[in-house]
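Side chains are part of it too, since the values below use all heavy atoms of this structure and drop only hydrogens, waters and symmetry mates. Only a predicted model underlies this, so the values are computations on that prediction, with no experimental measurement involved. Chain naming here is simple, since letters A, B, ... match the order of the sequence lines and numbering starts at 1 in each.
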Amino acid sequence: MAQQVGEASRADARYDPHEIERRWIARWEESGLYRTDLSAVDRKYYNLMEFPYPSAEGLHVGHAYTYSGADTNGRYKRMQGYNVFQPMGFDAFGIHSENYALKVGINPMTLTQRTVTRYRNEQMGRLGCMWDWSHAVNTSQPDYYRWTQWLFLQMYKAGLAVRKSAPVNWCPKDLTVLANEQVIDGRCERCDSEVVQREMTQWFFRITEYAEHLLSGLDGLDWPEMSKRLQRNWIGKSEGSQLTFDLADGSDRISVFTTRPDTVYGATYVVLAPEHPLVEKVTVASQSVQVEEYRKVTSLKKEIERLSLDKEKTGAFTGGYAVNPATGERVPIWIADYVLLTYGTGAIMAVPGHDERDHEFARKFGLPITQVIEPPAEFAVDIRDEAYTGAGTMVTSGQFDGMPSEEAKRAITEKLQAEGKGEQKVTYRLRDWLISRQRYWGPPIPIVYCPEHGEVPVPEEQLPVLLPEVENFRPTGTGKSPLASVESFYKTECPVCGGPAVRETDVSDTFLDSSWYYLRYPSTEYDDRPFDAERTRNWLPVDSYMGGKEHIVLHHLYSRFVTKVLHDLGHLAFEEPFTRLRLHGMVTKDGAKMSKSRGNVVNPDEFRQQYGADAFRTYLLFMGPYEDDNEFSVSAVQGVARFLGRVYSQVDTREEYGSGPGADMRTLHRTITRVTSELDALRYHTSIAALMEMSNWISSARAQMTQAQLQSALEHLVLMLAPIAPYSAEELWHRLGREYSVHLQAWPVADEAMLAEAMATVVVQVNGRVRERLTLPAGTSEEDVTALARESAKVRPYLDGVQVRKAVWVPDKLLNLVVG
RNA sequence: GCCGAAGUGGUGGAAUGGCAGACACGAUCGCCUCAAAAGCGAUUGGGGGUGACUCCGUGUGGGUUCGAAUCCCACCUUCGGCACCA
């Protein structure tokens with residue numbers, strides 16, 4: 001090879017990304033480069049990322065962002081010698097896909113298949129991600145949802161799937177009920193409609209049974225602190241006491257939950273939630289009209305109105321009385337909507353002297369206010385004007401007078417416990433997971449109702465209960481799924497007696513489909529079990545999961561719950577599905593989340609087509625810290641496109657090396673160290689910056705480099721680029737004359753000896769202000785640096801006539817002379 | 001109200017106790033071109049000075065330290081979560 005390849009080749013250096021992508025996609029496919037050998041279990045790395053749901057909009061920039069980062073991580077781990085399994089699939093059941101089908105008027109069975117194909121071939125297949133499609137899942141296919149139904153049956157057998165009547169959230173637009181987690185500020189998570197409360201009989205998963213496990217399991221996880229805090233918040237553990245107030249006539253008792261048992265002597269009335277089952281019993285005839293009226297008004301309120309804080313307290317007196325278990329006094333029983341049926345026991349003891357809400361209510365309705373806690377002098381308040389909610393000394397509390405209130409919490413509970421009227425109690429904010437949906441596009445809940453045998457689970461060997469293809473899949477709004485009018489579906493036989501019976505016609509929540517999909521991926525070839533025991537033992541739990549913050553109290557919480565249950569039932573050896581979780585930020589445009597209504601949606605395909613997949617990926621990762629929200633800038637994409645173009649040009653002109661004795665190659669080794677630690681921390685933007693600096697360094701140092709040095713520098717640059725820009729790296733590796741494939745190469749390791757700097761820049765400060773920079777051989781002593789500093793014309797004026805009191809010395813970095 | 005994160009050039013961001021603004025975008029000027037695009041090169045926090053230089057500067061005010069964007073306290077602003085949760 002001679003050196004005559006000159007400037008002409010630079011002009012040709014522009015590359016055609018599409019031609020290159022096409023070529024390498026074919027080669028990768030044909031050589032099975034991304035098919036993981038799941039039987040090789042040494043150094044396994046399960047690299048999971050959230051799978052998309054097929055919808056009208058197609059793949060958006062957020063997906064491309066998630067996948068670029070997660071794929072870069074997978075490729076990097078692979079080059080480090082891990083056997084990386086990186087599957088992908090489709091969350092194809094659910095309201096999104098169904099609403100899309102309703103909009104275009106095509107049956108979701110047909111439409112979803114079409115959409116999935118488009119996603120996979122036209123969009124996802126071109127991003128350059130190393131997905132192992134041979135293990136793809138599609139949650140809407142019978143071979144998948146058969147096992148979603150199986151999961152339901154395991155829950156059922158364990159007593160964790162129950163049918164019960166409860167106040168539930170109903171979305172008037174999507175015409176279905178929703179889980180608590182799917183209601184955001186009183187609105188439907190999907191369509192933003194205001195949710196209303198309805199009393200309905202529905203299937204629930206008893207996630208509340210696992211509240212404590214879900215809470216304590218968080219401690220050992222390598223998850224962002226923020227996500228743990230959100231889950232803890234959501235679970236909402238609250239420690240206190242449950243106390244009993246007998247009805248005055250002794251006919252029944254009211255349980256109340258309180259975190260302030262120390263204030264029980266000040267409980268001057270009791271409040272029941274309007275829907276509380278004892279309301280009818282305690283209401284006297286003369287009050288029944290008012291009570292009924294109040295209950296009616298409450299039931300018509302929307303969730304959002306009940307949640308708003310600044311409205312005035314309302315309520316009604318039942319005419320009934322209970323007995324304060326501490327004082328023995330008769331106290332009136334009221335109902336009010338500031339007490340929620342679904343939290344605690346649905347009833348409270350009201351202590352207006354020491355609770356702001358009770359205080360407000362008592363003032364409005366003229367109920368007595370008693371002080372039972374004496375605040376420390378500096379917090380003294382007039383209890384008639386304002387509740388005192390802090391700690392203090394017990395007063396007007398019988399034998400407990402004089403005791404610090406914190407101590408009295410336990411003492412009073414113990415005393416009442418001895419009398420059978422109290423106990424320590426932990427309450428959680430978490431509610432049971434409502435999984436019924438009155439929609440069509442989901443897995444039918446595998447239950448049969450028999451007049452003789454009642455509720456009967458479908459035997460496992462009869463699964464799947466197939467979702468029938470129907471003409472009219474429109475949601476009905478009647479509180480029943482469209483399947484309720486499909487006779488051929490719901491008419492069946494009782495599995496126990498063979499007599500005529502009907503099927504459950506609701507389908508299950510989409511979040512149930514996705515709560516276990518990571519268990520399915522490694523075992524897709526087994527059609528007789530949801531997940532193979534050995535495969536699961538070898539490949540799970542997931543080593544790295546990349547996802548969005550919006551799923552913390554939805555998908556991530558549900559997945560943890562399902563995993564814990566399957567563990568307790570003996571199906572899994574581990575209790576937590578995702579060892580390491582990382583949350584990517586959101587891609588914004590004009591400072592806001594992209595949405596059709598704002599009209600600020602960036603189409604990923606356009607950018608990919610214009611600049612190529614590599615430039616698109618590299619730009620997404622270069623925008624800013626991966627875990628932060630980042631603003632998409634149309635013009636900034638060109639910056640990385642230029643960078644990649646320069647690397648092509650550098651490779652194509654590699655015959656133009658220097659003739660001198662060789663260059664200082666330390667920059668290469670420093671870059672390896674830098675990029676390695678940045679990629680470990682998912683700091684893609686700074687790794688790319690380091691590669692840009694290295695490329696700039698090659699440009700300026702190549703005139704000094706030998707041929708071998710230039711070749712080595714370029715090869716290392718391409719190797720480190722491989723996880724980020726996979727097509728270009730493959731092409732450049734090929735142009736550098738190296739053998740297929742760059743993605744099978746080992747990640748470079750820096751030569752320790754080359755990391756030590758020959759020269760160091762020592763900053764000389766006088767009183768903390770920089771006065772001089774000295775470039776000296778590394779390891780120059782403090783004495784020598786001090787002598788040089790004193791001689792410096794820039795430093796000397798500041799030392800004239802003053803005493804150096806102190807010198808701070810940081811070797812090879814800094815000398816600070818403190819004078820005066 | 002409670003809990004948490006963040007505030008740095010015209011813009012995205014870098015630096016997590018030691019040279020503030022790496023790397024980019026944008027802008028200005030230049031080279032190349034008949035011209036443009038692309039590409040390449042230079043300059044680019046603010047004030048002052050012909051200049052070597054110098055002063056100011058990381059939301060605001062205080063503190064710790066030889067030294068603070070970084071640590072501590074208070075406040076302001078923005079964002080996120082929880083909230084009539086007893």
Side-chain angles (χ1 to χ4, degrees), chain A residues 7 10-11 13-14 184-185 224-227 229-238 240-241 256-260 263 267 271 273 306-311 313-314 336-340 342-351 354-358 360-361 389 427-430 549-550 552-553 586 591 619 622-625 628-640 642-643 645-646 649 683 685-696 699 761-773 793-794 804-810 813-820:
Chain A
E7 292 300 318
R10 259 195 195 135
R14 253 191 249 114
I184 317 281
D185 291 332
E225 270 312 310
M226 180 265 253
S227 64
R229 198 165 45 239
L230 254 53
Q231 287 207 358
R232 283 192 193 106
N233 244 341
W234 187 260
I235 294 166
K237 183 176 184 174
S238 172
S241 303
V256 302
F257 173 73
T258 178
T259 55
R260 294 297 303 274
T263 63
V271 187
R306 257 188 98 157
L307 284 173
S308 80
L309 299 178
D310 30 314
K311 65 170 196 211
K313 292 272 177 297
T314 57
D337 68 0
Y338 81 92
V339 174
L340 308 175
T342 46
Y343 184 78
T345 59
I348 62 158
M349 64 174 203
V351 185
H354 304 287
D355 182 282
E356 282 163 16
R357 297 153 298 179
D358 298 343
E360 190 193 335
F361 191 82
T389 58
T427 293
Y428 300 90
R429 208 194 67 96
L430 183 71
K549 300 178 173 79
E550 69 277 16
I552 294 168
V553 294
M586 199 169 60
Y619 172 67
F622 186 64
M623 287 189 299
D628 291 359
D629 291 349
N630 286 113
E631 172 76 7
F632 190 91
S633 156
V634 173
S635 59
V637 184
Q638 291 174 2
V640 292
R642 268 180 218 147
F643 161 63
R646 269 197 303 273
S649 147
R683 294 175 54 82
H685 65 310
T686 46
S687 355
I688 294 164
L691 294 174
M692 288 172 166
E693 285 180 58
M694 179 169 164
S695 165
N696 293 342
S699 290
T761 302
V762 179
V763 172
V764 180
Q765 298 181 336
V766 178
N767 284 351
R769 309 199 53 133
V770 179
R771 297 302 174 188
E772 173 68 299
R773 296 177 175 96
K794 290 179 187 167
V804 175
R805 286 194 294 126
K806 183 177 173 181
V808 180
W809 169 243
V810 183
K813 276 203 154 165
L814 172 131
L815 177 71
N816 186 14
L817 301 170
V818 185
V819 302

Presence of donor-acceptor pair under 3.5 Å, side chain of [X] and base of [N]:
| X | N | value |
| --- | --- | --- |
| A:Arg229 | B:C3 | no |
| A:Lys794 | B:C53 | no |
| A:Asn233 | B:C82 | no |

Nearest to the side chain of [X], which nucleotide is it out of [options]?
| X | options | answer |
| --- | --- | --- |
| A:Val770 | B:G18, B:C19, B:A86 | B:C19 |
| A:Arg769 | B:C56, B:G18, B:A15 | B:C56 |
| A:Ala636 | B:G18, B:A14, B:C25 | B:C25 |
| A:Arg642 | B:A86, B:G39, B:C23 | B:G39 |
| A:Asn816 | B:C23, B:G18, B:A86 | B:G18 |
| A:Glu693 | B:A22, B:C55, B:C25 | B:A22 |
| A:Gln638 | B:C23, B:U54, B:G26 | B:G26 |
| A:Tyr338 | B:C84, B:C66, B:G81 | B:C84 |
| A:Asp355 | B:G13, B:G18, B:A86 | B:A86 |

If only side-chain N and O atoms of [X] are considered, is one of them under 4.0 Å from the OP1 or OP2 phosphate oxygen of [N]?
| X | N | result |
| --- | --- | --- |
| A:Arg771 | B:C53 | no |
| A:Ser633 | B:U11 | no |
| A:Arg683 | B:A15 | yes |
| A:His685 | B:A14 | yes |
| A:Lys806 | B:C66 | yes |

| message | Please check this pair: side chain of A:Gln231 against backbone of A:Ile552, looking for a donor-acceptor N/O pair closer than 3.5 Å. | response | yes
| query | Between A:Tyr428 (side chain) and A:Trp234 (backbone), is there a donor-acceptor pair under 3.5 Å? | reply | no
What interatomic distance, in whole Å, is found between [atom1] of [M] and the corresponding atom of [N]?
| N | M | atom1 | value |
| --- | --- | --- | --- |
| B:C71 | B:G1 | C1' | 29 Å |
| B:C19 | B:C82 | P | 41 Å |
| B:C56 | B:G21 | C1' | 15 Å |
| B:G4 | B:A74 | P | 12 Å |
| B:U65 | B:U60 | P | 23 Å |

Classify the nucleic acid contact of [X] as base, sugar-phosphate or nothing, counting any heavy atom under 4.0 Å across all strands shown.
| X | answer |
| --- | --- |
| A:Ala689 | base |
| A:Phe622 | base |
| A:Asp628 | nothing |
| A:Met692 | sugar-phosphate |

In the structure shown, which nucleotide is the Watson-Crick or G-U wobble counterpart of [N], with both distances under 3.5 Å?
| N | answer |
| --- | --- |
| B:C40 | B:G30 |
| B:C82 | B:G1 |
| B:G7 | B:C76 |
| B:U70 | none |

| Syn or anti conformation of B:G30, syn meaning chi within 90° of 0 | anti
| What distance do A:Phe622 atom CZ and A:His685 atom NE2 have between them, rounded to the nearest 0.5 Å? | 8.5 Å
| Hey, what do you get for CG (A:Asn767) to CG (A:Asn816), rounding to the nearest 0.5 Å? | 7.0 Å
| Can A:Val763 and A:Arg771 be said to form a side-chain contact (heavy atoms from CB on, under 4.5 Å), step by step? | CA-CA 8 Å; A:Val763 172; A:Arg771 297 302 174 188; over 6 Å; no
| Would you call the rings of A:Tyr338 and A:Phe361 parallel, tilted or perpendicular, where under 30° means parallel and over 60° means perpendicular? | tilted
| said: One pair to check against side-chain contact (heavy atoms from CB on, under 4.5 Å): A:Asn696 and A:Met694. What are the steps and the verdict? | reply: CA-CA 5 Å; A:Asn696 293 342; A:Met694 179 169 164; over 6 Å; no
| query | Given atom CG of A:Leu230 and atom C1' of B:A83, what is their separation to the nearest angstrom? | reply | 14 Å
| field | Residue mapping more 5' on RNA chain B - nearest nucleotide basis, A:Gly639 or A:Ser699 | value | A:Gly639
| note | On RNA chain B, more 5' by nearest nucleotide between A:Ala347 and A:Ile184 is A:Ile184
